[in-house]
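Heads up: numbering here begins at 1 and tracks the sequence. All heavy atoms count here, side chains included; hydrogens, waters and symmetry mates do not.
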Amino acid sequence: MSYAPHALLAAAYAAGDRNPADMARRMGVPYLAVYRWATGRNSPGPAGLAAIERTYGLTPADLMREGTAA
């Protein structure tokens, strides 16, 4: 399993956030971290996962996809 930003982006869009800057403001997380999560360059750590769950209601399982090589 690996991190897939699609679920995060879909939840953000549904909440009215159109870009990483909007997402960062809503979550209270640095822009650069959110940009990296949104582009798939990095996956969120424990604090980031907590912010995503608190803000968009996504669990860590929602952010993972199966069948991809790491």
Side-chain angles (χ1 to χ4, degrees):
M1 295 179 92
S2 65
Y3 170 69
H6 307 295
L8 174 59
L9 296 173
Y13 190 80
D17 297 334
R18 301 295 185 238
N19 56 55
D22 293 340
M23 295 164 64
R25 274 191 292 276
R26 185 181 300 261
M27 285 191 278
V29 177
Y31 166 80
L32 190 56
V34 176
Y35 173 79
R36 288 177 177 160
W37 302 339
T39 59
R41 288 186 176 189
N42 290 74
S43 58
L49 290 170
I52 291 168
E53 187 167 5
R54 183 177 55 250
T55 305
Y56 299 114
L58 296 173
T59 65
D62 295 331
L63 300 172
M64 298 296 158
R65 66 174 173 221
E66 292 188 36
T68 55

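Across all non-hydrogen atoms, the minimal contact from V29 to A51 is CG2-CB, 3.8 Å. Nearest heavy atoms, V34 versus P20: CG1-O, 3.6 Å. Nearest heavy-atom pair across A7 and L58 is O-CD1, 3.6 Å.
No side-chain heavy atom of D62 sits less than 4.5 Å from a side-chain heavy atom of E53.
The cationic group of R65 does not satisfy the cation-pi geometry with Y3, failing either the under 6.0 Å distance to the six-membered ring centre or the 45° limit from the ring axis.
Here the CZ-CG distance, from R41 to L32, works out to 9.0 Å after rounding to the nearest 0.5 Å. Between atom CG of residue N19 and atom CZ of residue R25 there is a gap of 7.0 Å, rounded to the nearest 0.5 Å. In this structure, CG in L63 is found 11.5 Å from NE2 in H6, a value given to the nearest 0.5 Å.
Screening residues 29-40 for side-chain hydrogen bond (donor to acceptor under 3.5 Å, both in side chains), with sequence neighbours left out, gives no hits.
Applying the side chain to side chain donor-acceptor pair (under 3.5 Å) test to R26 and every residue at least two apart in sequence or in another chain returns D17.
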